[in-house]
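Just so you know, these numbers use all the heavy atoms, side chains as well, and skip hydrogens, waters and symmetry mates.
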Amino acid sequence: MKRILPIIIFVGLFVFLAKSLYQPQTNIPSPLIGKPMPTFSLSELNSDTSLTDNDILGAISLINVWATWCVGCEQEHSFLVELAANQTIDIPIIGINWKDRDDLALRWLSQRGDPYIVVLSDPIGKTAIDFGVYGAPETFLIDEQGVIHYKHIGPLDSEIFANNIMPIIQDLRR
Amino acid sequence: MAPEFGQLFLISGLAASLMQFLLGLNIISLNQTNREVLITRFTSIHSLAVFLAMLCLSYSFLIDDFSVLYVALNSHTNLPVLYKVTALWGAHEGSLLLWIFLLSLWGASLAYSQKFFDQTVILKIKSLSILGLVSFGFILFIIYTSNPFERIYPFPEQGRDLNPLLQDPALAIHPPMLYAGYVGLAVPFALALASLMSSKDYHWAGIARIWAINSWLFLTGGIALGSWWAYYELGWGGWWFWDPVENASLMPWLVATALVHSLIVTEKKQLFNGFSALLAIIAFSLSLLGTFLVRSGVLISVHSFASDPERGLFILMLIGFFTGGALIIYALNQKQSKPLNLNLFSRESLLLLNNVFLCSAAGLIMIGTLYPLVLELINSEKISVGPPYFNFVILFPFIPLMLFIGVAVFSSWGGTGKKLLVNINRLALLSIVIGLIISYLILGYETPLTTLGLILAIWTIFTGAMPVIKNLGSQTHQLIKNLPMALAHIGLGLTVLGITVTSSYGITFDDTLGFGQSKQVGNYEFKLISIEDRAGPNFKAKVATVDIFSDNIKVGSVFPEKRIYDSASPSMTEAGIDSNLFRDLFVALGEDLGGGIWSMHLQYKPLLRLIWLGPMIMMLGALCRLFLLKPFRRET
Amino acid sequence: MKKVCLILLLISTQVNSIEGSEEITSQERELYQQIIQEVRCLVCQNQSVAESNADLAKDLRTEIMEQVKQGSSEEDIKSYLLLRYGDFVLYDPSFKKSTYILWLSPVLIILLILGWLRKIGVIGK
């Protein structure tokens with residue numbers, strides 16, 4: 001027994017390491033799934049009016065955290081614009097402009113199109129922390145009561161949306 | 001042409017190492033003397049070939065040949081010459097070349113060693129053969145997946161520059177030293193297997209011990225250097241983070257320490273042969289595992305090289321082959337050992353006990369390092385296991401270890417507890433009293449753990465020094481015999497002392513300072529005098545002048561910098577450090593907040609230097625053992 | 001002259017209180033230092049927020065400092081972060097079902113060792 005114990009341990013270790021080699025690096029799972037979105041009070045882009053989390057309840061929507069300095073946001077933007085215009089899917093997108101400047105954000109949107117029904121400014125980043133954001137872009141799916149059902153980290157595209165988000169939306173709409 | 005010659009030399013090395021391996025098998029019939037001569041020759045050819053390959057790569061660096069992809073990725077025309085040389089091991093492919101070069105050197109050292117004769121020549125042949133196979137595997141790995149001589153076309157005008165973090169004199173020494181330690185463990189590995197396969201029990205132990213100590217010497221130095229470098233380079237004042245790559249170097253060190261001690265018993269008392277062989281196998285396997293962890297990308301680390309599952313797989317196959325093969329040979333050739341009838345307080349038993357603590361420490365580190373990976377695989381759960389965990393669990397084996405190290409020093413072969421306890425009683429009492437005095441009266445009480453750490457450190461130092469002190473002025477031979485152990489143990493005690501004091505009594509301030517303002521950190525006042533611009537060979541910097549006062553007397557000035565390198569990497573901090581043996585005063589620049597105000601990181605770290613002085617003394621002990629004692633005696 | 005002095009005085013106090021981390025006690029300072037070393041920088045390659053220069057790290061350090069000043073305990077701050085980022089953000093793994101083995105391993109190993117030593121006849125005679 002003493003002789004083969006090292007081998008047994010080694011084989012176990014070996015198999016485990018081999019499997020982890022091909023394990024894709026997963027993103028950090030969000031502990032907020034299934035919980036109501038965090039409360040916040042942020043001012044609208046380039047205005048004095050502020051909105052709270054209560055103000056955006058009432059419909060299944062996407063909350064998209066973005067910034068003008070973020071490369072991934074640039075990549076996903078055209079998809080978001082398309083999605084916003086899509087009457088069949090009909091899902092409003094709320095933007096949270098993260099650690100950015102209002103004037104830069106406005107210019108960025110005017111150059112690339114504005115898919116958002118409203119953009120909220122989070123220049124300090126405290127609300128983003130409440131959402132567990134660690135790298136833009138991040139997109140959250142919330143239901144009518146404001147419960148978070150899905151979080152996607154990284155640029156959104158039609159494939160990810162169709163495979164991961166749409167099914168949840170369809171479930172919620174039943 | 002140099003890169004192409006480099007490739008040719010690599011392939012020659014491949015062939016030579018293959019011959020080195022084949023000569024150990026009984027394929028070609030030769031008498032033993034001829035076999036020995038031939039295998040030695042091929043070991044030399046193999047070493048020379050790899051050395052020349054390294055020279056070719058160095059040449060490409062020195063002439064800024066950016067048509068070589070590796071040079072283009074890791075160099076820059078403005079890179080100082082020293083770093084053009086050391087950049088060779090700055091990334092994956094080149095560092096592997098360094099690895100196989102050092103491996104070949106160790107093989108050569110074994111081949112030309114004077115310690116083999118008559119009965120043990122067969123061990124030399126077989127172990128050189130195994131080393132040849134190991135080299136063969138790694139050279140194959142380089143040629144197939146990580147060729148540093150690959151060309152790039154069209155080639156860029158300018159290189160991407162060496163990572164600024166690596167542009168440092170310590171980089172010149174840290175990887176070669178560390179790698180020398182890692183690959184050095186291949187020699188005891190090979191000797192253990194050679195012994196198992198040729199049933200020449202025990203003879204291998206004395207020889208293997210020398211190479212084990214050699215590797216241990218370099219590993220100790222490499223790890224200490226890495227810690228010291230991280231301290232002054234990373235701009236935050238930390239010196240150990242339990243990062244997976246750091247752990248990957250500590251685990252073989254712990255097992256190598258156990259190996260050295262186990263081999264003492266095997267050599268002197270012909271006991272624990274199987275255990276020593278197993279330790280030799282595990283030590284080298286941990287080196288291989290370390291290589292795997294750093295280069296495969298399975299773990300996230302600041303140290304990891306660019307990851308690639310294909311490379312990871314190749315290394316894993318090498319590990320599977322060598323470790324798996326070795327463990328099979330071990331299982332097949334292990335003789336049924338007689339039941340031990342050892343008194344718990346005999347030297348044999350205490351050495352075994354301490355080895356078990358050392359191996360447990362290595363095991364716990366392994367579990368902590370790999371656990372997040374396991375959990376992710378099984379549960380899709382992501383957790384982090386870091387310093388809070390490791391700092392806690394490492395105490396479990398280390399506290400008893402520190403205690404029993406002192407006890408073991410006074411033990412005798414086959415001895416019992418009675419005489420032993422009598423001898424150590426007074427020392428134990430002395431250590432406790434001094435520890436308590438320092439803790440309560442001198443430094444100020446912190447936590448029970450601090451006091452315990454102080455007591456154990458002092459205990460280790462005293463017990464280590466005692467055998468030498470006892471023999472001062474009388475029996476020089478006995479003194480010299482005990483000197484290596486004394487130095488090694490004292491070194492360990494100093495390290496633990498440094499760690500305990502600096503962790504418990506150090507003070508850190510993260511604050512803002514404007515020109516002319518000062519902050520009080522413990523007994524010291526840090527005052528920001530000015531910030532100036534400075535240009536270096538390949539960077540621009542903002543340099544601060546910070547004066548440090550103690551009781552209103554100026555103690556020193558430090559000049560922390562924030563650098564931006566030409567190659568547009570993110571900014572780097574160079575810490576300003578005022579140090580002596582008793583304390584370090586550490587200042588790092590944070591952000592420019594405007595209006596002449598900067599955020600700064602200020603630290604007072606008492607006895608920090610002991611953490612690196614300790615390993616230096618440990619290394620001195622190893623050197624004493626290697627050079628001061630009589631050369632290995634010819635067996636009669 | 002008095003007006004100029006007054007204005008300069010106002011400016012200098014403004015400049016001092018931009019970061020305003022002056023008014024914390026040494027316990028609060030220690031708590032802050034301890035916590036920031038245990039919080040992981042999520043956008044880095046294995047660094048704590050204490051070490052890292054990343055924006056997110058700076059934001060988290062600011063947030064932690066604010067909470068320390070408000071009197072939050074270590075528990076409070078850690079659960080604040082756990083609720084938002086999950087277990088990955090703390091370097092001290094929580095003690096739960098999936099980490100039992102991790103936390104109990106030192107004890108397990110000691111027991112195994114003692115059992116083995118007993119078996120080979122080194123102890124328990």
Side-chain angles (χ1 to χ4, degrees), chain B residues 234-236 238 241-244 299-304 337 339-344 349 352-353 356-357 360 363-364 367-368 371-372 375 378-379 381-389 392-393 395-397 400 507-512 514 517 570-571 573 590-591 593-597 599, chain C residues 11-12 14-22 24 26 29-30 32-34 36-40 42 44-48 50-54 58 61 65 86-94 96 98-99 101-103 105-110 112-114 116-117 119-125:
Chain B
L234 295 181
W236 173 66
F241 193 65
W242 297 107
D243 177 85
L299 287 169
I300 309 170
S301 161
V302 278
H303 295 83
S304 349
S337 48
L340 298 164
N341 266 324
L342 295 170
N343 185 293
L344 177 59
S349 162
L352 179 64
L353 185 67
V356 159
F357 288 130
S360 316
L364 287 172
I367 292 176
Y371 205 83
L375 216 54
I378 300 180
N379 236 356
E381 214 180 308
K382 267 182 108 93
I383 64 167
S384 294
V385 179
Y389 173 80
F392 173 70
V393 299
L395 296 173
F396 279 76
I507 305 175
T508 306
F509 267 47
D510 275 326
D511 234 320
T512 53
Q517 285 190 311
S571 67
T573 19
E591 302 290 309
L593 299 169
I597 304 207
S599 64
Chain C
I11 295 174
S12 63
Q14 268 293 53
V15 150
N16 270 352
S17 59
I18 283 178
E19 281 298 311
S21 47
E22 326 224 353
I24 68 172
S26 72
R29 197 176 291 281
E30 265 183 53
Y32 169 74
Q33 288 297 334
Q34 184 215 320
I36 60 172
Q37 284 178 48
E38 295 190 19
V39 175
R40 185 175 195 144
L42 298 165
C44 311
Q45 295 285 95
N46 199 31
Q47 282 182 301
S48 63
E51 295 181 289
S52 164
N53 282 323
K58 287 189 224 158
R61 287 202 301 265
M65 178 58 104
D87 289 315
F88 193 65
V89 78
L90 291 180
Y91 273 121
D92 193 3
S94 13
K96 51 182 188 171
S98 53
T99 61
I101 298 182
L102 182 67
W103 281 107
S105 51
V107 177
L108 283 175
I109 285 196
I110 301 273
L112 278 171
I113 289 163
L114 292 176
W116 174 66
L117 284 176
K119 183 163 165 271
I120 64 171
V122 175
I123 61 173
K125 277 191 58 182

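- The residue among B/Phe357, B/Phe241, B/Phe396 with the most heavy atom pairs within less than 4.5 Å of chain C is B/Phe241.
- Heavy atoms of B/Ile383 lying under 4.5 Å from chain C belong to its backbone as well as its side chain.
- No donor-acceptor pair closer than 3.5 Å links the side chain of B/Ser384 to the backbone N or O of C/Tyr91.
- No side-chain heavy atom of B/Asp510 sits less than 4.5 Å from a side-chain heavy atom of C/Arg29.
- Proximity to chain B (any heavy atom under 4.5 Å) is shown, for C/Ser48, by both the backbone and the side chain.
- With a 4.5 angstrom heavy-atom cutoff, C/Ile109 touches chain B only via side-chain atoms.
- Remark: the C/Gln33 side chain and the B/Thr508 side chain contain no N/O donor-acceptor pair separated by less than 3.5 Å.
- In this structure, chain C has a heavy atom under 4.5 Å from the side chain of B/Tyr371, while its backbone stays farther away.
- Neither the backbone nor the side chain of C/Ser26 comes within contact range of chain B; no heavy atoms are under 4.5 Å apart.
- Your options are B/Asn379, B/Val393, B/Leu364, and the one with the most heavy-atom pairs under 4.5 Å with chain C is B/Leu364.
- The two residues C/Pro93 and B/Val385 come nearest to each other via the heavy atoms CG-CG2, 4.1 Å.
- The two residues B/Gln517 and B/Thr512 come nearest to each other via the heavy atoms OE1-O, 4.4 Å.
- For C/Asp87, the salt bridge (Lys or Arg N to Asp or Glu O under 4.0 Å) test picks out C/Lys96, with sequence neighbours left out.
- By number of non-hydrogen pairs under 4.5 angstrom with chain B, the leading residue of C/Arg40, C/Glu30, C/Gln45 is C/Gln45.
- Ring-plane geometry between B/Phe392 and C/Trp103 is classed as tilted, the angle between the planes lying from 30 to 60 degrees on a 0 to 90 degree scale.
- If you measure heavy-atom distances from C/Leu112 to chain B, you find no contacts under 4.5 Å at all.
- Of the listed residues (C/Thr99, C/Val107, C/Ile110, C/Asn53), the greatest number of heavy-atom pairs within a distance under 4.5 Å of chain B belongs to C/Thr99.
- Every residue meeting the salt bridge (Lys or Arg N to Asp or Glu O under 4.0 Å) condition with B/Lys382, not counting sequence neighbours, appears here in chain and number order: B/Glu376.
- For B/Asp243, the parts lying under 4.5 angstrom from a heavy atom of chain C are both the backbone and the side chain.
- For a residue to count as touching a neighbouring chain, one of its non-hydrogen atoms must lie under 4.5 Å from one of that chain's; by this rule B/Leu353 touches chain C with the side chain only.
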